[in-house]
Amino acid sequence: MKVEGNELLLWTYNTILNYLEKLNDPLQKINKNIPIQELSDKLNLTLPREVANSGEAYTNFTESMQTFLDYSVLSGHRHFYNQLYGELEVSALAAEFLSILNNSSMATYQMSPVATLMERKIIERFAQMIWSHTPSFSSDSADGLLVLGGSYANMMAILCARNYLFPKFKDYGYSSVKNQLKIFVSEEAHYSFMRAANTLGIGHKNVVIVESDHLGKMKIEQLEKNIVKSIEDGDKPFFVAATFGTTVTGSIDSFQEIYEVANKYGLWFHIDGAFLGPLLLDPSRFFVDEVATALTAVTAGIEFADSFSLDAHKMMGVPLTCSAILFKRGETLRESICGGEGDYLFHLHQDDHQDDHLNATDIGKYSLQCGRKIDCLKLWGLWQYLGDEGILKRFENLFKLIKYAEEIIKQNSEDLELVLPRQSLILLFRYCRGLDKINKINDINYSIHQKIISRGDFMVNYAIWKGKLSLRLVILNQNASKEDLDNFFHLIMSIGKEVS
């Protein structure tokens, strides 16, 4: 490597250390909130035609990289409560650097032998977490893949369900299906199901939205009514998705009851566990309500899922993206995707040094991607560094923080109210002091959100749930402190009094 290359890497190393220090500084602004035109003027958004010398090259690189970091949102900061991701576990971050350094593709065992075996072991472990209590379950029968996010995983679930239930579809497409295919999801489900319906040619209008109850859970009676009506209309219901931790409220659907309806009418039963799926590492340790109902009781029926999506880049603190799609019947994935691959990559004959088992680990054969990053290494590195117990302690810390935030809201009931009881790691709440009309409350809380964002001390999102515009607090950074939360709510109440 040239000397200039070493200098760039040394600059990068020191920049990384400085950046990580900022993430734990409570006085650090996490969002500069600069108008787009002003930001464009500050940035040098030109791509040079020619670089004169190594000094200019070094300056171009370091200045543009530093500008990127300076004006981007610090999503790993302990005051970032905005999205379903945040803190980066350093072990996972370090492993991510090394996977990029290796720069291999996950298509074949020959190209990525170690990473292939790591990913298969991770998939096996996830499958055990979901289905190990099923009497007929064998870790050899389940299978899955790490994919580009939970949305991608949900799309894979629909694709494989369609090809499994309609075996001719893979070869002949929609000409092999007489009825209009229908998908059923809760109104609280992630929008990715709509995107998947569009991508797979099913269509938005064929995604049937099922009402949710006062806790954000899918209404079972409504689900069955919608399925029956669809059958009466001559359509073909084939897929229903439950959610393990909805995006807006963190609610958990009733898996057992949804499965019973799905099984009654022959539908594929999928669970979107992108958010809370990692809790299945040991669900007996987590509780979701004031009467201390164990999560194991709440998740009854989860073992009946035909497929399950899970994100490691949310609760587990793995860098974006690191998601998994799991199938109880592994052949469903392999048979639905494989076919059409080139012999130049997936050779038809066996290499002399490989046996049948190793050749079967060319997992690129059942990936929709050809070039695929080694996303397993960052998750593997985290698991090696923390172990099961360290990961579970991380989850417990997150629950302690969200429960503390919940208590602050309850203790300040004259100023704040929970829009619905806490279900998991999300709080939907709003400022309400002296306000009685829904439109007035909505306007005030929107103004509070805008002022918080403009200040840059904290970052929190808002959502409209059943007509109520509310602040949506997500805590996925265990470095947040009780003092941070005290300051956060004090700021909300101060702004609320100011704007109302």
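All figures in this text were calculated on a predicted structure; none of them were measured in a lab. Along the sequence shown, residues are numbered consecutively beginning with 1.
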Inset, instruction - Evaluate salt bridge (charged side-chain N to carboxylate O under 4.0 Å, His left out) for E89 paired with R394, printing each intermediate quantity in order. - result: CA-CA 10 Å; E89 286 282 356; R394 171 186 170 82; 3.1 Å; yes

Legend entry - Residues that E56 engages under salt bridge (Lys or Arg N to Asp or Glu O under 4.0 Å), provided they are two or more places apart: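 In terms of salt bridge (Lys or Arg N to Asp or Glu O under 4.0 Å), with neighbours along the sequence ignored, E56 is linked to no residue.
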
Inset, instruction - Would you please name every residue forming a salt bridge (Lys or Arg N to Asp or Glu O under 4.0 Å) with K468, sequence neighbours left out? - result: none

Counting only N and O atoms by type, is there a donor-acceptor contact under 3.5 Å from the side chain of [X] to the main-chain atoms of [Y]?
X: N412; Y: L416; result: no
X: N102; Y: L98; result: no
X: N477; Y: H77; result: yes
X: R422; Y: S424; result: yes
X: S367; Y: Q369; result: yes
X: N14; Y: L10; result: yes
X: E119; Y: L146; result: yes

Tell me whether the count of non-hydrogen atoms from other residues, nucleotides or ligands lying under 6.0 Å of [atom1] in [X] goes above 12.
X: K451; atom1: NZ; value: no
X: Y19; atom1: OH; value: yes
X: Y58; atom1: OH; value: yes
X: E38; atom1: CD; value: yes

State, to 0.1 Å, how close [X] and [Y] come at their nearest heavy-atom pair, and which atoms those are.
X: K205; Y: K182; result: O-NZ, 3.6 Å
X: L420; Y: G216; result: CD1-N, 4.4 Å
X: L382; Y: S91; result: CA-OG, 3.4 Å
X: G245; Y: F275; result: O-CB, 3.5 Å
X: F184; Y: S230; result: CZ-CB, 3.9 Å
X: P319; Y: H313; result: O-CB, 3.9 Å

Please tell me whether [X] and [Y] have a donor and an acceptor in their side chains that are separated by less than 3.5 angstrom.
X: H270; Y: S307; value: yes
X: T249; Y: W465; value: no
X: S481; Y: D484; value: yes
X: S447; Y: Q450; value: no
X: S323; Y: D311; value: yes
X: T243; Y: D272; value: no

So do the side chains of [X] and [Y] get within less than 4.5 Å of each other, counting heavy atoms only?
X: F61; Y: W11; result: yes
X: L280; Y: W131; result: no
X: V460; Y: R472; result: no
X: R430; Y: L469; result: no
X: I391; Y: M315; result: no
X: F68; Y: L43; result: no
X: P421; Y: L215; result: yes
X: T15; Y: Q66; result: yes

Inset, instruction - Evaluate the salt bridge (charged side-chain N to carboxylate O under 4.0 Å, His left out) criterion for residues R125 and D388: first the C-alpha distance (whole Å), next the side-chain angles of each, then the deciding distance (0.1 Å), finally the verdict. - result: CA-CA 11 Å; R125 186 65 186 281; D388 287 4; 2.4 Å; yes

Angle class for the [X]/[Y] ring planes (parallel below 30°, perpendicular above 60°, tilted otherwise)?
X: Y462; Y: H449; value: perpendicular
X: F304; Y: Y259; value: parallel
X: F255; Y: F269; value: tilted

Are [X] and [Y] close enough for a salt bridge, meaning some N to O gap below 4.0 Å?
X: K466; Y: E187; answer: yes
X: K373; Y: E96; answer: yes
X: D415; Y: R433; answer: yes
X: E87; Y: R78; answer: no

Inset, instruction - Let me see the working for M155 and R195 under side chain to side chain contact (heavy atoms under 4.5 Å, CB included), right down to the final yes or no. - result: CA-CA 8 Å; M155 182 187 71; R195 295 290 172 86; over 6 Å; no

Inset, instruction - May I have all residue pairs that pass side-chain hydrogen bond (donor to acceptor under 3.5 Å, both in side chains) and include part of residues 485-500, sequence neighbours excluded? - result: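 Of all non-adjacent pairs touching residues 485-500, those that pass side-chain hydrogen bond (donor to acceptor under 3.5 Å, both in side chains) are Y404-D486.
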
Inset, instruction - For Y431 and F489, run ring-ring contact (aromatic ring centres under 6.0 Å, His included): C-alpha distance rounded to whole Å, both residues' side-chain angles, the deciding distance at 0.1 Å, then the answer. - result: CA-CA 10 Å; Y431 180 83; F489 284 106; over 10 Å; no

Which residues share a side-chain contact (heavy atoms from CB on, under 4.5 Å) with [X], sequence neighbours left out:
X: N82; value: F80, M459, N461
X: A95; value: L377, K378
X: Q37; value: S40, D41

Legend entry - Among T246, L276, L428, side-chain contact (heavy atoms from CB on, under 4.5 Å) partner for S251: T246

Legend entry - F429 vs L473, side chain to side chain contact (heavy atoms under 4.5 Å, CB included): CA-CA, chis, key distance, verdict: CA-CA 8 Å; F429 71 100; L473 178 68; 3.9 Å; yes

Legend entry - Residue pair K410, E406: steps toward the salt bridge (charged side-chain N to carboxylate O under 4.0 Å, His left out) verdict: CA-CA 6 Å; K410 291 178 178 179; E406 182 182 26; 3.6 Å; yes

Legend entry - Aromatic Y85 / basic K314 pairing, under 6.0 angstrom, 45° off normal: no

Inset, instruction - Tell me whether the centres of the aromatic rings in H79 and F488 are closer together than 6.0 Å. - result: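 Ring-ring flag for H79/F488: false, centres at least 6.0 Å apart.
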
Inset, instruction - Show your working on side chain to side chain donor-acceptor pair (under 3.5 Å) between N33 and S454 and close with a plain yes or no. - result: CA-CA 6 Å; N33 195 39; S454 66; 4.9 Å; no

Inset, instruction - Kindly determine whether F458 and N31 satisfy side chain to side chain contact (heavy atoms under 4.5 Å, CB included), including the steps that lead there. - result: CA-CA 8 Å; F458 295 90; N31 173 36; over 6 Å; no

